[in-house]
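What follows is a set of notes on a single structure, which appears directly below.
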Amino acid sequence: MVESSEPSRKRPRVGRRPRHSQSPASSSMRPMVTRSQAQALTLRPGDEPPSTAAGVEMEESRKRKVGCMASMRAESPECAEAGCEATVGSACNCDSQQEDGGEGDSEDAESSHGDIILTSSYIGELQGDQELVAKLGLVFSDPCTLARSFPQTNPELAAQCPVDVEDVRRAYACIKAKTTDKAMRDLQLLTVNAVAMMSLDPCDEHDNQMNAVLILLLNPSITEYTHDDSTFLLPELCSVILNQPSEQKSLLMRYFAAADHLGLVQSSTPDAASERAEGDHMCFMQYANIFQSFVTRETNRAAKSVAPQPSSVPESMPKKVCLHSLSGCSLPLVAQCLALMNSYNTTHGIVPHSAFYNDAVNEHIDTKEEVPRFRMPKGVSFCNYPFLLSPTTKSEVIRIESMIHMRTELQDSFFRAMFSGVTCPYLVLEVRRESLVRDTLYQLDLKMSQDLRKQLKVRFVGEEGVDEGGVQKEFFQLIVRDVFSSKYGIFKANNESQYYWFLSQASPTKDMLEEIWLTGQLIGLAVYNGVILDIHLPPVMYKKLLGVSATTEDLREIDPELYHGLTQLRRMSDDELSFLERSFEIEYDDLGRLRTHELIPDGASTILDAANRELFIDRYVDFVLNKSCAKQFAEFKAGFDRICGSSYVRYMQPQELELLVCGCSDLDFGALESSTVYDGGYSRTTKVIEYFWQVVGEFGDDLKRKLLFFATSSDRVPIGGLSKLQFVIAKNGGDSDRLPTSHTCFNVLLLPEYSSLEKLRERLLTAIHNSEGFGMI
């Protein structure tokens with residue numbers, strides 16, 4: 001800590017909290033947020049976290065005197081000289097008295113006391129708890145003084161964050177190591193007081209306020225600190241953050257992302273860039289984990305307080321909680337700070353989105369209760385914070401959301417039938433296998449929007465199968481295969497990446513646009529009805545569906561060869577570029593005809609050089625990913641949004657939407673074996689069951705997918721892996737020559753009790769190789 005005194009001249013009060021006739025230390029209230037106010041502050045997913053109203057009234061039951069710490073009275077050496085006592089957690093009495101005495105007295109007071117700047121080295125030199133607490137009290141009594149502590153002395157690091165984060169950590173570690181439990185309790189009261197003063201009397205210089213917030217957050221015990229009424233301090237500190245102007249919140253996020261505590265400045269090592277990136281990752285997540293640990297603890301605490309589950313529910317089943325039921329409703333304030341970090345991370349790509357998933361929330365969230373509350377105008381729900389939810393949880397939210405819509409449409413259909421005649425309560429598609437696309441396009445075109453929200457039922461003409469889920473799964477598999485085939489000329493697969501993308505056409509026909517619109521609807525219907533598809537669309541397609549801008553990296557999956565060429569272009573010298581003699585005019589294939597396109601106005605006469613090559617690359621990528629397929633993608637998105645435009649899908653990340661549509665790629669049959677249920681007298685130790693898993697263990701991935709298709713009508717793995725598939729093996733009689741059969745609607749494999757391993761292998765392979773079509777058993 002550094003103390004300076006210059007009696008010869010007046011020193012300006014830069015960043016100093018204004019003095020008041022009644023100091024914050026004597027204020028009677030601290031701002032807290034009631035349940036109703038927390039609900040008003042609840043974010044809707046995708047919104048910018050709002051600033052809370054300054055000076056929010058706290059609950060009457062939680063009123064407390066700010067700075068009431070007379071029991072912690074200690075003498076400061078400087079104050080002793082002036083003949084006064086400094087109460088820890090409040091401003092020095094002599095300072096305020098001298099200020100009332102006039103400008104000259106104020107100068108003397110400031111010169112005699114000096115500015116106080118804490119550092120870890122100075123804290124290490126202090127002797128005894130009394131001196132340490134007194135010094136900390138002088139600093140923590142004024143948030144602006146606290147904000148000037150622990151300054152970053154390295155200019156390059158100071159540009160990232162003005163606070164020496166590592167020095168703050170050392171200071172807290174030093175305090176904990178050298179003080180008694182009573183002094184640590186005093187530090188807690190000082191911190192509580194500082195937060196209360198920042199809430200009631202914000203510093204005029206917001207940059208300084210952010211410095212103080214950063215210093216307080218770095219306290220390892222900040223998530224444990226409570227008020228006298230046992231309410232936690234962290235939500236109130238989050239309220240201080242949320243009250244700041246948006247530019248200051250962004251500034252704090254930049255401080256969070258700074259890697260200054262790792263000392264990763266310019267380095268001559270080859271791995272300097274990657275080390276710096278890893279530092280940003282570690283530092284950013286350390287701050288995120290402060291808020292995450294609070295969310296985790298409160299969620300687990302709420303789960304423990306839930307009433308015992310009925311005896312019919314397995315003890316291993318996690319207890320379910322709802323956000324609105326958490327006491328005090330302070331968790332949304334902490335979640336909103338996480339939302340700020342998630343928004344900043346989305347823009348800057350510091351860590352993967354999965355880093356924000358909260359395991360406790362995903363384990364205990366009661367989706368059946370949370371989804372209806374999320375749909376309320378001011379509902380408080382974990383669904384308001386989608387960054388906390390894993391893809392598995394989000395898929396469950398979408399499933400329940402779809403069930404609510406289907407139930408509503410079913411009820412409406414009955415009511416409409418009472419007044420306007422018979423109305424089908426389901427979305428029924430009757431199609432021929434040889435004319436899937438044409439029949440489906442014709443029938444969907446006749447449906448109203450509300451009809452598409454009904455539960456889907458598919459019937460293949462000439463077949464007896466009743467659709468309880470299995471028929472529609474095969475329907476989607478077959479029609480998607482047709483739509484993406486070359487005979488329709490809508491999509492084209494890249495030979496290297498095997499991803500499908502739109503064919504470049506300057507003037508696509510009306511029939512083609514209708515088929516593209518149908519494809520978008522089919523994918524939307526599959527998501528709405530919980531069917532996983534075997535399609536190979538590039539990640540950029542899901543980005544565009546969710547409104548995320550495409551980048552140069554997205555070209556890698558669509559056209560690896562072109563991506564490689566543009567990457568090479570960045571490394572060429574001026575002479576090499578001149579040798580190419582390339583202009584801003586490109587050529588592309590339009591159904592066998594060679595067409596040209598100018599990337600910029602007068603592009604044919606604009607020569608590519610080192611000065612404009614980045615523009616060339618950006619415009620080329622934009623043409624391939626956007627302009628060349630603008631009409632086709634507009635129809636595709638319109639079809640998809642007709643089904644899913646207002647669903648929870650819009651709050652997913654592109655990678656999560658891809659998982660929702662295509663499922664997981666991990667064929668972990670060990671997980672499937674562990675989660676399989678047996679019926680009809682079979683168990684895991686039955687001989688034929690042991691034969692079955694032995695044979696399946698010998699299968700390659702192709703045969704495993706065929707087995708999945710035979711038993712479930714889909715060869716795709718659901719989100720979360722095969723352990724999430726409710727797979728049942730049921731006994732279907734004794735030893736016989738009958739083939740295995742399945743109830744694909746319920747994922748049930750009907751297996752006769754074959755007498756030998758060889759017989760089971762031969763019968764099972766015959767069945768899975770001839771598994772198309774439905775009949776009545």
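- Put simply, the side chain of Ser149 gets close to the backbone of Leu118: a donor and an acceptor are under 3.5 Å apart.
- Across every non-hydrogen atom of Lys394 and Pro386, the tightest pair is CE-O, 2.9 Å.
- Inter-residue side-chain proximity for Phe232 and Ser330 is flagged as unmet; no heavy-atom pair is nearer than 4.5 Å.
- Side-chain contact between Asn193 and Ser141 is absent, with no heavy atoms from C-beta onward closer than 4.5 Å.
- Taking the ring axis of Phe382 as reference, the NZ or CZ atom of Arg373 does not stay both within 45° of it and closer than 6.0 Å to the ring centre.
- Within the 4.5 Å cutoff, side-chain heavy atoms of Ile175 are placed close to those of Leu187.
- Shortest non-hydrogen contact noted between Thr299 and Ala360 is CG2-O, 3.8 Å.
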Residue pair Asn362, Ser390: steps toward the side chain to side chain donor-acceptor pair (under 3.5 Å) verdict: CA-CA 7 Å; Asn362 287 292; Ser390 67; 3.3 Å; yes

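- In terms of modelled atom types and a separation under 3.5 Å, the side chain of Thr347 and the main chain of Ser343 share a donor-acceptor contact.
- Among all heavy-atom pairs drawn from Tyr255 and Met210, the shortest one is CE1-CB, 4.2 Å.
- Tyr651 places none of its side-chain heavy atoms less than 4.5 Å from the side chain of Tyr385.
- A donor-acceptor pair under 3.5 Å links the side-chain atoms of Asn345 to the main chain of Ile350, judged by distance alone.
- Between the side chain of Gln248 and the backbone N or O of Gln244, no donor-acceptor pair lies under 3.5 Å.
- The main-chain N or O of Thr367 is never found under 3.5 Å from a side-chain atom of Glu396 such that the two would form a donor-acceptor pair.
- Remark: side-chain polar atoms of Tyr648 are not paired, donor with acceptor, to backbone N or O of Val371 under 3.5 angstrom.
- For the atom pair Cys161 SG and Gln152 CD, the distance stands at 7.5 Å (nearest 0.5 Å).
- Side-chain contact annotation: His227 with Glu236, donor-acceptor N/O pair under 3.5 Å present.
- Separation of atoms CE (Met376) and NE2 (His324) is listed at 8.5 Å; rounding is to 0.5 Å.
- Salt-bridge formation is not detected for the pair Arg185/Asp181: no Lys NZ or Arg NE/NH1/NH2 atom is positioned less than 4.0 Å from an Asp or Glu carboxylate oxygen.
- Considering only heavy atoms from C-beta on, Leu214 comes within 4.5 Å of Phe256 through its side chain.
- Formation of a donor-acceptor pair under 3.5 Å by the Lys178 side chain with backbone atoms of Gly124 is found in this model.
- With a 4.5 Å cut-off on side-chain heavy atoms, Leu331 and Val295 count as touching.
- Of the listed residues (Asn358, Asn289, Asp359), just one forms a side chain to side chain contact (heavy atoms under 4.5 Å, CB included) with Thr296, and that residue is Asn358.
- In this structure, Glu363 contributes its side chain and Pro318 its backbone to no donor-acceptor pair below 3.5 Å.
- In terms of heavy atoms, Ala303 sits closest to Lys319 at O-CD, 3.2 Å.
- Counting only heavy atoms from C-beta outward, the side chains of Tyr344 and Lys249 never approach each other to under 4.5 Å.
- Ion pairing between a basic and an acidic side chain is recognised when a charged N comes within 4.0 Å of a carboxylate O; Arg297 and Glu224 show such pairing.
- With hydrogens and angles disregarded, no donor-acceptor distance shorter than 3.5 Å links the side chain of Asp167 to the backbone of Thr119.
- No donor-acceptor pair closer than 3.5 Å links the side chain of Asp366 to the backbone N or O of Cys322.
- Residues Arg148 and Val139 fail the side-chain proximity criterion, which asks for heavy atoms closer than 4.5 Å.
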